[in-house]
Amino acid sequence: MKTQVAIIGAGPAGLILGQLLHKAGIDAVILEAHTPDYVLGRIRAGVLEQVAVDLLDEAGVGARMHAEGLPHNGIELLIGGVRHRIDFPGLTCGKQVMVYGQTELTKDLMEARAATGLATLYEAKQVSVHDFDSQRPRVRYLKDGTRHEIECDFIAGCDGFHGVCRASVPDTAIRNFERVYPFGWLGLLSETPPVFEELIYAKHERGFALCSMRSHTRSRYYLQVPLTEKVEDWSDARFWDELRLRLDAPANAALVTGPSIEKSIAPLRSFVAEPMRFGRMFLAGDAAHIVPPTGAKGLNLAASDVRYLSRAFIEFYAGSSAGIDHYSDRCLRRIWKAERFSWWMTKLLHSFPDTNPFDQKALEAELDYVVHSVAGRTTLAENYVGLPFED
Ligand code: RFL
Ligand code: PHB
């Protein structure tokens with residue numbers, strides 16, 4: 001088989017890229033290791049920046065998001081039992097974010113791709129990437145017991161943190177930057193109305209908690225837990241009891257509990273691989289970087305990478321290699337700002353074991369500054385709604 005771009009991975013990065021390339025008349029094949037149901041079963045992100053919303057519109061998949069998504073104008077920080085509102089439009093000249101689940105977005109992208117009859121090869125096993133330092137890269141895979149090979153102009157590694165693309169780069173050609181946190185997030189999804197109309201980020205001495213949502217009838221909650229915790233040890237009742245301890249009286253009065261639809265623990269990590277281009281192979285999304293979810297940036301970064309990558313490919317086929325030459329640097333400038341923000345939000349709002357008393361006092365002063373100064377709130381708001389692209 002021959003194609004222009006072989007995309008590895010049908011998560012948000014791979015599917016958005018496929019759609020943008022299709023719109024531009026560039027031929028692409030997507031290879032995915034799992035089934036569509038498996039991909040849709042992973043409950044992950046919930047918050048989209050305006051630039052991600054705009055990109056989904058550009059890709060022609062924004063209709064249901066606009067009909068069913070929830071535009072949000074702020075978040076609440078609950079610190080030491082006191083609420084502080086971060087007003088996004090007021091602090092960022094009118095910007096807001098959209099609450100729309102990654103599952104729904106992925107479903108929209110899958111349906112749009114199926115409707116145009118484009119090839120997504122699900123359950124492609126033993127995917128391997130070859131000759132990406134030459135003019136003719138190749139991708140091999142096993143499907144239904146038969147081995148196949150794709151010849152392409154480019155490989156887009158959109159295969160997530162555990163994917164094969166980054167792992168295929170020689171150690172000498174790549175540098176990894178990493179910070180691992182000594183806790184994870186225990187997430188619970190329930191068919192219950194959200195506790196509040198905006199997201200509540202709660203800092204508590206028992207640990208961080210987040211009240212989020214997917215719709216007016218579906219809620220998503222998270223609790224900071226030590227990495228040693230096992231999800232089997234968290235009954236729904238234990239989860240709700242612990243959440244109550246970390247919220248304030250108005251939230252507890254409004255909290256509607258119910259059976260969980262999904263419950264899982266995700267470790268927190270900051271990670272960046274540099275560069276993101278290796279000859280004719282490009283990494284995008286979680287394949288190249290991971291952020292702790294506190295800043296709601298992972299999916300948004302995946303979207304911004306493929307925005308740059310799609311434009312780079314379009315420019316290439318129009319006769320200029322400037323876009324592919326600048327891809328890595330352009331992405332990384334934006335990525336490092338989101339990494340910094342996600343690390344900062346995590347540091348401010350979580351309880352860290354072994355924090356010394358001086359650092360603890362300095363952190364409390366920093367939080368006090370952030371919520372009580374317009375400059376502090378503006379810094380948080382402009383990073384949360386998403387920094388502009390440098391084109
Ligand atoms: P994905 O979604 O991991 O997709 C990669 C795809 O590649 C496939 N794959 C392979 N296919 C073929 N061959 C191989 N060898 C392959 N290896 C892997 C995988 O099966 C998969 O389908 O990466 P992508 O597309 O880069 O998208 C990234 C996002 O999924 C991720 O950054 C976000 O979910 C992060 N995230 C959040 N991001 C936000 O922007 N806002 C949020 O509010 C937010 N909340 C979150 C989050 C992530 C969380 N977890 C569980 C990590 C909340 C949580 C709890
Ligand atoms: C979510 O709804 O899953 C969510 C929202 C905000 C975050 C992280 C996760 O910062």
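The structure presented is a predicted model; accordingly, all values stated were derived computationally and were not measured. Start at 1 and go down the list; that is how both ligands and their atoms are numbered.
Contact between C158 and ligand 1 is present, with at least one heavy atom of the residue lying under 4.0 Å from the ligand. Under a 4.0 angstrom heavy-atom cut-off, K125 registers as lying outside contact with ligand 1. No heavy atom of F161 sits closer than 4.0 Å to any atom of ligand 1. Using a 4.0 Å cutoff on heavy atoms, P12 counts as a contact of ligand 1.
For ligand 1 and Q102, the ligand atoms under 4.0 Å from any heavy atom of the residue are 2 (O), 29 (C), 30 (O), 33 (C), 34 (O). If you number the atoms of ligand 1 from 1 as listed, the ones under 4.0 Å from a heavy atom of I8 come out as 12 (C), 13 (N). Interface atoms of ligand 1 facing G163, defined by a heavy-atom separation under 4.0 Å, are 17 (N). Within ligand 2, the atoms closer than 4.0 Å to a non-hydrogen atom of Y201 are 6 (C), 7 (C), 10 (O), numbered from 1 in the order shown. Using a 4.0 Å cut-off to heavy atoms of V164, the atoms of ligand 1 that qualify are 15 (N). Numbered from 1 in the order shown, with element, the atoms of ligand 1 that lie under 4.0 Å from a heavy atom of R42 read 19 (C), 20 (O), 21 (C), 22 (O). For ligand 2, the atoms lying closer than 4.0 Å to a non-hydrogen atom of V47 are 5 (C), 6 (C). For ligand 1, the atoms lying closer than 4.0 Å to a non-hydrogen atom of L31 are 11 (N), 12 (C). Close contacts between ligand 1 and V47 involve ligand atoms 40 (O), 41 (N), 43 (O) [criterion: under 4.0 Å to a heavy atom]. Taking every non-hydrogen atom of G285 and a distance limit under 4.0 Å, the qualifying atoms of ligand 1 come out as 26 (O).
Within the 4.0 Å heavy-atom criterion, the part of R44 lying near ligand 2 is the backbone and not the side chain. Contacts of V99 with ligand 2, taken as heavy-atom pairs under 4.0 Å, are absent altogether. Of the heavy atoms in I43, none comes closer than 4.0 Å to ligand 2. At a 4.0 Å heavy-atom cut-off, ligand 2 touches W185 through the side chain alone.
Here the protein heavy atom with the shortest distance to atom 26 (O) of ligand 1 is D286 N, 2.8 Å. Distance from atom 3 (O) of ligand 2 to its nearest protein heavy atom, with residue and atom name: Y222 OH, 2.6 Å. The protein heavy-atom contact nearest to atom 48 (C) of ligand 1 is R44 CB, 4.1 Å. Scanning all protein heavy atoms for the shortest distance to atom 43 (O) of ligand 1 gives G46 N, 3.2 Å. With hydrogens left out, the protein atom closest to atom 20 (O) of ligand 1 is E32 OE2, 2.6 Å, a heavy atom. Protein heavy atom nearest atom 14 (C) of ligand 1, with residue, atom name and distance: A33 CB, 4.1 Å.
Nearest heavy-atom pair across K297 and G386 is NZ-N, 4.3 Å. The two residues S304 and F389 come nearest to each other via the heavy atoms CB-CE2, 3.3 Å.
Aromatic pair H289/F271: centroids not less than 6.0 angstrom apart. Remark: aromatic rings of F282 and Y327 are close, center separation under 6.0 Å. A distance of 6.0 Å or more separates the ring centres of Y38 and Y122. Checked against a 6.0 Å centroid threshold, the rings of W336 and F177 count as neighbours. Y222 has its ring centre no less than 6.0 Å from the ring centre of F208.
One side chain, S264 or E262, offers a donor N or O that lies under 3.5 Å from an acceptor on the other.
Under the 4.0 Å criterion applied to side-chain N and carboxylate O atoms, D325 and R277 are assigned as salt-bridge partners. With respect to the salt-bridge test (charged N to carboxylate O, under 4.0 angstrom), the residues D241 and R244 qualify. E58 has a carboxylate O that lies under 4.0 Å from a charged side-chain N of R311, or vice versa, which qualifies the two as a salt bridge. By the 4.0 Å N-to-carboxylate-O rule, E49 lies too far from R307 to be salt-bridged with it.
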Check the pair L223, R246 against side-chain contact (heavy atoms from CB on, under 4.5 Å), reporting the backbone distance first and the verdict last. CA-CA 9 Å; L223 293 174; R246 301 184 190 185; 3.9 Å; yes
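Taking distance alone, with nitrogen or oxygen atoms compared against 3.5 Å, A13 approaches ligand 1 more closely than that limit. Note: an N/O pair closer than 3.5 Å links R214 and ligand 2 by distance alone. At least one N/O-N/O distance between L299 and ligand 1 falls below 3.5 Å. Between Y38 and ligand 1, not a single N/O pair is under 3.5 Å apart. Considering both main-chain and side-chain atoms, G298 comes within under 3.5 Å of ligand 1 through a nitrogen or oxygen pair. For ligand 1, the polar-atom distance check finds no N/O of Y222 at less than 3.5 Å from any of the ligand's N/O atoms.
Selection from S212, P293, A45 by nearest heavy atom to atom 7 (C) of ligand 2 gives P293.
Between Y384 and F88, the two ring planes are parallel [angle under 30°; tilted spans 30° to 60°].
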